[in-house]
Amino acid sequence: MKSCLIVDDSRVIRKVARRILEDLNFSIEEAGDGLEALKQCRKEMPDAILLDWQMPVMSGVDFLKALRQESGGERPVVVFCTTENDVSRISEAIKAGADEYIMRPFDGEILQSKFAEAGLI
Amino acid sequence: MLTEAQFSLVARQAKRRIGLALHADGLDFVDRRLWPLARREGCLTTGELVSSTQARADDVLWDAIVASLIIPDTSFFPDKSAFKALSDAVIPELLRARGPSARLKIWSAGCASGQEPFSIAIMLEEMKNEGRGVAADILATDLSSRLLDKAASGLYSQFEVQKGLSIHRLIENFERVGEMWRIKDRLRAAVRFDPHNLMNDAPLGPFDIILCRNVLAGFDADDRRAALERLALSLAEDGALILGAGEDASEVTQAFHASHGQGVFLRNAMWKRAA
(Lines give C-alpha, C1' and ligand atoms only; values in the text may rest on other atoms or scores of the structure.)
Protein backbone atom coordinates (compact mmCIF):
# COMPACT_ATOMS: atom_id res chain seq x y z
CA MET A 1 0.00 0.00 0.00
CA LYS A 2 1.37 3.43 -0.97
CA SER A 3 1.23 6.35 1.44
CA CYS A 4 -0.04 9.83 0.66
CA LEU A 5 0.28 12.97 2.76
CA ILE A 6 -2.59 15.39 2.16
CA VAL A 7 -1.52 18.98 2.88
CA ASP A 8 -4.38 21.47 2.98
CA ASP A 9 -5.66 24.01 5.49
CA SER A 10 -9.26 23.05 4.70
CA ARG A 11 -10.54 20.09 6.70
CA VAL A 12 -13.30 19.58 4.15
CA ILE A 13 -10.87 19.25 1.24
CA ARG A 14 -8.66 16.89 3.27
CA LYS A 15 -11.68 14.74 4.03
CA VAL A 16 -12.87 14.62 0.40
CA ALA A 17 -9.39 13.82 -0.91
CA ARG A 18 -8.86 11.21 1.82
CA ARG A 19 -12.03 9.38 0.86
CA ILE A 20 -11.09 9.26 -2.83
CA LEU A 21 -7.49 8.22 -2.18
CA GLU A 22 -8.41 5.56 0.37
CA ASP A 23 -10.62 4.04 -2.33
CA LEU A 24 -7.52 4.00 -4.56
CA ASN A 25 -5.76 2.02 -1.80
CA PHE A 26 -3.53 4.73 -0.33
CA SER A 27 -2.80 5.04 3.38
CA ILE A 28 -3.39 8.66 4.35
CA GLU A 29 -1.67 11.18 6.65
CA GLU A 30 -2.84 14.78 6.89
CA ALA A 31 -1.20 18.15 7.55
CA GLY A 32 -2.83 21.58 7.84
CA ASP A 33 0.04 23.68 6.50
CA GLY A 34 3.48 23.44 4.88
CA LEU A 35 5.49 23.51 8.10
CA GLU A 36 3.48 20.72 9.68
CA ALA A 37 3.89 18.74 6.45
CA LEU A 38 7.67 19.27 6.51
CA LYS A 39 7.87 17.98 10.09
CA GLN A 40 5.92 14.86 9.11
CA CYS A 41 8.15 14.27 6.07
CA ARG A 42 11.26 14.49 8.27
CA LYS A 43 9.86 11.63 10.33
CA GLU A 44 8.82 9.58 7.33
CA MET A 45 8.78 10.39 3.63
CA PRO A 46 5.44 9.47 2.02
CA ASP A 47 5.20 8.05 -1.52
CA ALA A 48 2.91 10.85 -2.62
CA ILE A 49 1.98 14.35 -1.46
CA LEU A 50 -1.25 16.11 -2.44
CA LEU A 51 -0.47 19.76 -1.90
CA ASP A 52 -2.51 22.94 -1.60
CA TRP A 53 -0.89 26.25 -2.56
CA GLN A 54 -2.32 28.98 -0.30
CA MET A 55 -1.95 27.99 3.36
CA PRO A 56 -1.08 29.81 6.57
CA VAL A 57 2.40 29.49 8.15
CA MET A 58 4.06 27.97 5.06
CA SER A 59 2.65 27.91 1.50
CA GLY A 60 2.63 24.85 -0.73
CA VAL A 61 5.34 26.12 -3.04
CA ASP A 62 7.62 27.11 -0.11
CA PHE A 63 7.08 23.67 1.41
CA LEU A 64 7.94 22.01 -1.91
CA LYS A 65 11.19 23.97 -2.31
CA ALA A 66 12.16 23.05 1.27
CA LEU A 67 11.16 19.41 0.79
CA ARG A 68 13.34 18.97 -2.29
CA GLN A 69 16.35 20.16 -0.19
CA GLU A 70 15.74 17.52 2.50
CA SER A 71 17.54 14.20 2.55
CA GLY A 72 15.21 11.79 0.66
CA GLY A 73 13.02 14.78 -0.23
CA GLU A 74 13.39 14.16 -3.96
CA ARG A 75 11.53 10.86 -3.64
CA PRO A 76 7.88 11.77 -2.94
CA VAL A 77 5.71 12.36 -6.00
CA VAL A 78 4.15 15.79 -5.46
CA VAL A 79 0.74 16.62 -6.94
CA PHE A 80 -0.46 20.18 -6.48
CA CYS A 81 -4.19 20.59 -5.88
CA THR A 82 -5.11 24.27 -5.90
CA THR A 83 -7.44 26.97 -7.19
CA GLU A 84 -4.40 28.67 -8.79
CA ASN A 85 -4.93 28.03 -12.51
CA ASP A 86 -2.76 30.58 -14.33
CA VAL A 87 -0.21 29.08 -16.69
CA SER A 88 2.49 31.15 -14.96
CA ARG A 89 1.55 29.65 -11.57
CA ILE A 90 1.56 26.13 -13.00
CA SER A 91 5.02 26.73 -14.48
CA GLU A 92 6.24 28.07 -11.14
CA ALA A 93 5.05 24.90 -9.40
CA ILE A 94 6.72 22.63 -11.95
CA LYS A 95 9.95 24.62 -11.60
CA ALA A 96 9.80 24.17 -7.84
CA GLY A 97 9.63 20.40 -8.34
CA ALA A 98 5.95 19.46 -8.71
CA ASP A 99 5.25 16.27 -10.66
CA GLU A 100 1.57 16.87 -11.41
CA TYR A 101 -0.97 19.63 -10.96
CA ILE A 102 -4.70 19.56 -10.30
CA MET A 103 -6.79 22.69 -10.79
CA ARG A 104 -9.78 22.90 -8.48
CA PRO A 105 -12.59 22.11 -8.46
CA PHE A 106 -11.71 18.46 -8.89
CA ASP A 107 -13.54 15.14 -8.69
CA GLY A 108 -12.55 11.53 -8.14
CA GLU A 109 -11.98 10.94 -11.84
CA ILE A 110 -9.55 13.86 -12.13
CA LEU A 111 -7.65 12.82 -9.00
CA GLN A 112 -7.36 9.28 -10.34
CA SER A 113 -6.31 10.48 -13.80
CA LYS A 114 -3.62 12.77 -12.38
CA PHE A 115 -2.26 10.14 -9.98
CA ALA A 116 -2.06 7.79 -12.99
CA GLU A 117 -0.19 10.44 -15.02
CA ALA A 118 2.25 10.79 -12.13
CA GLY A 119 2.83 7.03 -12.14
CA LEU A 120 1.31 6.53 -8.67
CA ILE A 121 -1.37 4.08 -9.84
CA MET B 1 -41.53 10.27 -19.02
CA LEU B 2 -41.77 8.15 -22.17
CA THR B 3 -44.49 5.56 -22.69
CA GLU B 4 -43.49 2.01 -23.65
CA ALA B 5 -44.73 2.73 -27.20
CA GLN B 6 -42.58 5.87 -27.44
CA PHE B 7 -39.60 3.93 -26.12
CA SER B 8 -40.10 1.23 -28.78
CA LEU B 9 -40.26 3.94 -31.42
CA VAL B 10 -36.96 5.44 -30.24
CA ALA B 11 -35.39 1.96 -30.09
CA ARG B 12 -36.40 1.23 -33.71
CA GLN B 13 -35.02 4.58 -34.89
CA ALA B 14 -31.77 4.07 -32.97
CA LYS B 15 -31.25 0.66 -34.55
CA ARG B 16 -32.05 1.84 -38.06
CA ARG B 17 -30.22 5.16 -37.97
CA ILE B 18 -27.04 4.40 -36.02
CA GLY B 19 -27.04 0.66 -35.33
CA LEU B 20 -27.56 1.19 -31.62
CA ALA B 21 -29.32 -1.78 -30.02
CA LEU B 22 -31.07 -0.55 -26.86
CA HIS B 23 -31.80 -2.90 -23.96
CA ALA B 24 -35.47 -3.76 -23.63
CA ASP B 25 -35.42 -2.32 -20.10
CA GLY B 26 -33.68 0.88 -21.18
CA LEU B 27 -36.64 3.24 -20.83
CA ASP B 28 -35.23 5.12 -17.83
CA PHE B 29 -31.87 5.43 -19.55
CA VAL B 30 -33.44 6.85 -22.74
CA ASP B 31 -35.58 9.21 -20.71
CA ARG B 32 -32.52 10.60 -18.88
CA ARG B 33 -30.50 10.95 -22.08
CA LEU B 34 -33.30 12.72 -23.98
CA TRP B 35 -34.14 15.25 -21.30
CA PRO B 36 -31.47 17.88 -22.20
CA LEU B 37 -32.51 17.74 -25.87
CA ALA B 38 -36.20 18.02 -24.93
CA ARG B 39 -35.39 21.14 -22.94
CA ARG B 40 -33.36 22.68 -25.78
CA GLU B 41 -36.26 21.98 -28.15
CA GLY B 42 -38.72 23.71 -25.81
CA CYS B 43 -40.63 20.50 -24.95
CA LEU B 44 -42.07 20.05 -21.48
CA THR B 45 -41.46 16.28 -21.44
CA THR B 46 -39.34 13.74 -23.30
CA GLY B 47 -42.62 12.15 -24.42
CA GLU B 48 -43.59 15.41 -26.12
CA LEU B 49 -40.20 15.50 -27.89
CA VAL B 50 -40.68 11.99 -29.29
CA SER B 51 -44.35 12.50 -30.26
CA SER B 52 -43.77 15.77 -32.08
CA THR B 53 -40.70 14.42 -33.87
CA GLN B 54 -42.73 11.40 -34.98
CA ALA B 55 -45.73 13.52 -36.00
CA ARG B 56 -43.58 15.83 -38.14
CA ALA B 57 -41.35 12.98 -39.40
CA ASP B 58 -38.51 15.34 -38.53
CA ASP B 59 -35.37 13.60 -39.80
CA VAL B 60 -32.94 16.12 -38.33
CA LEU B 61 -34.50 15.83 -34.90
CA TRP B 62 -34.59 12.03 -35.08
CA ASP B 63 -30.87 12.11 -35.81
CA ALA B 64 -30.35 14.37 -32.79
CA ILE B 65 -32.49 12.08 -30.62
CA VAL B 66 -30.57 8.93 -31.47
CA ALA B 67 -27.22 10.74 -31.27
CA SER B 68 -28.00 11.86 -27.74
CA LEU B 69 -28.31 8.19 -26.67
CA ILE B 70 -24.57 7.70 -27.10
CA ILE B 71 -22.41 8.33 -24.04
CA PRO B 72 -19.28 9.93 -25.48
CA ASP B 73 -15.76 9.03 -24.47
CA THR B 74 -14.36 12.30 -23.12
CA SER B 75 -10.84 11.51 -21.96
CA PHE B 76 -7.65 12.55 -23.70
CA PHE B 77 -5.27 9.68 -24.48
CA PRO B 78 -8.05 7.23 -23.76
CA ASP B 79 -6.58 3.79 -23.37
CA LYS B 80 -2.86 4.47 -22.92
CA SER B 81 -1.79 1.00 -24.10
CA ALA B 82 -3.41 1.51 -27.53
CA PHE B 83 -1.57 4.83 -27.97
CA LYS B 84 1.68 3.17 -26.94
CA ALA B 85 1.09 0.38 -29.47
CA LEU B 86 0.51 3.04 -32.15
CA SER B 87 3.66 5.04 -31.46
CA ASP B 88 5.98 2.12 -30.70
CA ALA B 89 4.78 -0.61 -33.08
CA VAL B 90 2.02 0.17 -35.56
CA ILE B 91 3.37 3.45 -36.97
CA PRO B 92 7.04 2.34 -37.12
CA GLU B 93 5.97 -0.83 -38.96
CA LEU B 94 3.89 1.12 -41.45
CA LEU B 95 6.80 3.49 -42.09
CA ARG B 96 9.17 0.57 -42.60
CA ALA B 97 6.80 -0.83 -45.22
CA ARG B 98 6.05 2.51 -46.92
CA GLY B 99 9.33 4.35 -46.57
CA PRO B 100 10.13 7.14 -44.09
CA SER B 101 8.66 9.92 -46.25
CA ALA B 102 5.23 8.27 -46.54
CA ARG B 103 2.21 10.29 -45.46
CA LEU B 104 -0.08 8.21 -43.26
CA LYS B 105 -3.84 8.55 -43.34
CA ILE B 106 -5.51 8.21 -39.96
CA TRP B 107 -9.24 8.09 -39.24
CA SER B 108 -10.76 8.64 -35.82
CA ALA B 109 -14.25 7.17 -36.31
CA GLY B 110 -16.70 8.21 -33.60
CA CYS B 111 -14.48 11.03 -32.37
CA ALA B 112 -17.12 12.60 -30.08
CA SER B 113 -15.85 15.98 -28.85
CA GLY B 114 -12.38 15.54 -30.33
CA GLN B 115 -10.22 14.31 -27.45
CA GLU B 116 -9.11 11.21 -29.37
CA PRO B 117 -8.00 12.82 -32.67
CA PHE B 118 -6.30 15.71 -30.84
CA SER B 119 -4.46 13.15 -28.71
CA ILE B 120 -3.22 11.55 -31.95
CA ALA B 121 -2.05 14.97 -33.20
CA ILE B 122 -0.21 15.54 -29.89
CA MET B 123 1.32 12.07 -30.06
CA LEU B 124 2.57 12.62 -33.63
CA GLU B 125 4.15 15.93 -32.63
CA GLU B 126 5.87 14.29 -29.66
CA MET B 127 7.21 11.57 -32.00
CA LYS B 128 8.56 14.32 -34.25
CA ASN B 129 10.28 15.99 -31.29
CA GLU B 130 11.91 12.65 -30.48
CA GLY B 131 13.31 12.50 -34.02
CA ARG B 132 10.73 9.97 -35.19
CA GLY B 133 8.87 12.36 -37.44
CA VAL B 134 5.86 11.07 -39.32
CA ALA B 135 3.66 12.97 -41.74
CA ALA B 136 -0.03 12.23 -41.40
CA ASP B 137 -3.50 13.43 -42.28
CA ILE B 138 -6.03 12.98 -39.48
CA LEU B 139 -9.73 12.76 -40.29
CA ALA B 140 -12.15 12.73 -37.36
CA THR B 141 -15.83 11.88 -37.82
CA ASP B 142 -18.90 11.55 -35.67
CA LEU B 143 -22.61 11.33 -36.33
CA SER B 144 -23.40 14.07 -33.81
CA SER B 145 -23.15 17.55 -35.32
CA ARG B 146 -23.29 19.01 -31.81
CA LEU B 147 -20.18 17.09 -30.74
CA LEU B 148 -18.41 17.87 -34.03
CA ASP B 149 -18.99 21.61 -33.54
CA LYS B 150 -17.48 21.39 -30.09
CA ALA B 151 -14.57 19.30 -31.35
CA ALA B 152 -13.79 21.72 -34.19
CA SER B 153 -13.74 24.63 -31.74
CA GLY B 154 -10.90 22.95 -29.85
CA LEU B 155 -12.29 24.43 -26.62
CA TYR B 156 -12.42 22.37 -23.42
CA SER B 157 -13.44 23.05 -19.85
CA GLN B 158 -11.00 22.85 -16.96
CA PHE B 159 -12.62 19.53 -16.01
CA GLU B 160 -12.13 18.10 -19.49
CA VAL B 161 -8.45 19.01 -19.86
CA GLN B 162 -7.67 17.27 -16.58
CA LYS B 163 -8.84 13.88 -17.81
CA GLY B 164 -6.05 11.94 -19.51
CA LEU B 165 -3.64 14.86 -19.98
CA SER B 166 -0.52 15.30 -17.90
CA ILE B 167 0.14 18.86 -16.75
CA HIS B 168 3.13 18.98 -19.13
CA ARG B 169 0.97 18.00 -22.09
CA LEU B 170 -1.62 20.58 -21.03
CA ILE B 171 0.68 23.59 -20.87
CA GLU B 172 2.62 22.48 -23.94
CA ASN B 173 -0.42 22.03 -26.20
CA PHE B 174 -3.21 24.29 -24.87
CA GLU B 175 -3.70 27.93 -24.03
CA ARG B 176 -6.12 29.43 -21.57
CA VAL B 177 -9.05 31.37 -22.99
CA GLY B 178 -11.07 32.82 -20.12
CA GLU B 179 -12.31 29.88 -18.07
CA MET B 180 -11.67 27.44 -20.92
CA TRP B 181 -8.61 25.87 -22.52
CA ARG B 182 -8.09 25.81 -26.29
CA ILE B 183 -5.85 23.43 -28.16
CA LYS B 184 -3.11 25.34 -29.98
CA ASP B 185 -3.80 26.32 -33.60
CA ARG B 186 -1.13 24.09 -35.13
CA LEU B 187 -2.79 21.03 -33.54
CA ARG B 188 -6.31 22.18 -34.34
CA ALA B 189 -5.25 22.58 -37.97
CA ALA B 190 -3.88 19.04 -38.02
CA VAL B 191 -7.34 17.46 -37.67
CA ARG B 192 -10.24 17.66 -40.14
CA PHE B 193 -13.73 17.10 -38.72
CA ASP B 194 -16.57 15.73 -40.86
CA PRO B 195 -19.96 14.16 -40.15
CA HIS B 196 -20.14 10.43 -40.84
CA ASN B 197 -22.49 7.62 -39.85
CA LEU B 198 -20.76 4.23 -39.63
CA MET B 199 -24.08 2.43 -40.01
CA ASN B 200 -25.43 4.04 -43.17
CA ASP B 201 -22.83 6.20 -44.93
CA ALA B 202 -20.61 4.99 -47.78
CA PRO B 203 -17.20 3.74 -46.61
CA LEU B 204 -14.34 6.25 -46.62
CA GLY B 205 -10.70 5.60 -47.19
CA PRO B 206 -8.45 3.85 -47.65
CA PHE B 207 -6.74 4.65 -44.34
CA ASP B 208 -3.57 3.29 -42.78
CA ILE B 209 -4.93 3.47 -39.24
CA ILE B 210 -8.55 3.56 -38.06
CA LEU B 211 -9.51 4.18 -34.45
CA CYS B 212 -13.05 3.12 -33.66
CA ARG B 213 -13.01 2.68 -29.91
CA ASN B 214 -16.10 1.68 -27.96
CA VAL B 215 -18.32 2.78 -30.83
CA LEU B 216 -19.56 -0.60 -32.01
CA ALA B 217 -20.20 -1.94 -28.51
CA GLY B 218 -23.83 -0.83 -28.71
CA PHE B 219 -24.42 -2.67 -32.03
CA ASP B 220 -25.95 -6.14 -32.14
CA ALA B 221 -23.73 -8.92 -33.54
CA ASP B 222 -24.91 -8.69 -37.16
CA ASP B 223 -24.58 -4.92 -37.38
CA ARG B 224 -21.22 -5.10 -35.62
CA ARG B 225 -19.91 -7.62 -38.14
CA ALA B 226 -21.18 -5.55 -41.07
CA ALA B 227 -19.68 -2.35 -39.65
CA LEU B 228 -16.32 -4.03 -38.98
CA GLU B 229 -16.23 -5.38 -42.52
CA ARG B 230 -16.96 -1.92 -43.91
CA LEU B 231 -14.08 -0.65 -41.77
CA ALA B 232 -11.89 -3.42 -43.22
CA LEU B 233 -12.73 -2.14 -46.70
CA SER B 234 -11.76 1.37 -45.55
CA LEU B 235 -8.37 0.11 -44.39
CA ALA B 236 -5.19 -0.38 -46.42
CA GLU B 237 -4.25 -4.06 -46.64
CA ASP B 238 -1.45 -3.62 -44.11
CA GLY B 239 -3.42 -1.11 -42.03
CA ALA B 240 -4.40 -1.35 -38.38
CA LEU B 241 -7.76 -0.99 -36.62
CA ILE B 242 -7.81 0.19 -33.01
CA LEU B 243 -10.85 -0.81 -30.95
CA GLY B 244 -11.63 -0.23 -27.28
CA ALA B 245 -9.66 -2.29 -24.77
CA GLY B 246 -12.41 -4.82 -24.18
CA GLU B 247 -13.54 -5.16 -27.80
CA ASP B 248 -12.65 -8.08 -30.08
CA ALA B 249 -13.01 -7.77 -33.87
CA SER B 250 -12.00 -11.38 -34.52
CA GLU B 251 -14.99 -12.61 -32.52
CA VAL B 252 -17.52 -11.61 -35.17
CA THR B 253 -15.61 -11.44 -38.47
CA GLN B 254 -12.76 -13.14 -40.33
CA ALA B 255 -11.53 -9.76 -41.57
CA PHE B 256 -9.17 -9.06 -38.66
CA HIS B 257 -6.76 -10.71 -36.27
CA ALA B 258 -5.48 -9.34 -32.96
CA SER B 259 -1.94 -7.97 -32.85
CA HIS B 260 0.30 -5.86 -30.58
CA GLY B 261 -1.90 -6.46 -27.55
CA GLN B 262 -5.35 -5.38 -26.49
CA GLY B 263 -7.51 -3.48 -28.93
CA VAL B 264 -5.16 -3.54 -31.94
CA PHE B 265 -6.24 -5.53 -35.00
CA LEU B 266 -4.64 -6.06 -38.40
CA ARG B 267 -6.45 -6.94 -41.61
CA ASN B 268 -6.34 -10.55 -42.69
CA ALA B 269 -4.81 -10.79 -46.16
CA MET B 270 -7.00 -13.81 -46.99
CA TRP B 271 -10.26 -12.13 -46.04
CA LYS B 272 -10.77 -9.92 -49.09
CA ARG B 273 -10.48 -12.87 -51.46
CA ALA B 274 -12.98 -14.86 -49.46
CA ALA B 275 -15.47 -12.01 -49.35
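As the structure is a prediction and not an experimental result, all values here were calculated from the model. In what follows, every heavy atom counts, from backbone to side chain, and hydrogens, waters and symmetry copies are set aside.
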Can you tell me which portion of D99(A) sits under 4.5 Å from chain B's heavy atoms? Options are side chain, backbone, both or neither. backbone

Salt bridge flag under 4.0 Å for residues R192(B) and D137(B): no

Correct closest heavy-atom pair for M103(A) and W181(B) would be SD-CZ2, 3.6 Å

Proximity breakdown for L170(B) and chain A, heavy-atom pairs closer than 4.5 Å: side chain

At a 4.5 Å cut-off on heavy atoms, which part of I110(A) comes close to chain B: side chain, backbone, both, or neither? both

May I ask you to name which of L165(B), I167(B), I171(B) has the most heavy-atom pairs under 4.5 Å with chain A? I167(B)

Would R169(B) and E126(B) pass as an ion pair if we require N to O under 4.0 Å? yes

Side-chain donor/acceptor of S91(A) to backbone N/O of V87(A), under 3.5 Å: yes

Cation over ring face, R68(A) and F63(A), 6.0 Å, 45°: no

If you count heavy-atom pairs within less than 4.5 Å of chain A, which of K80(B), Q158(B), Q162(B), H168(B) leads? Q162(B)

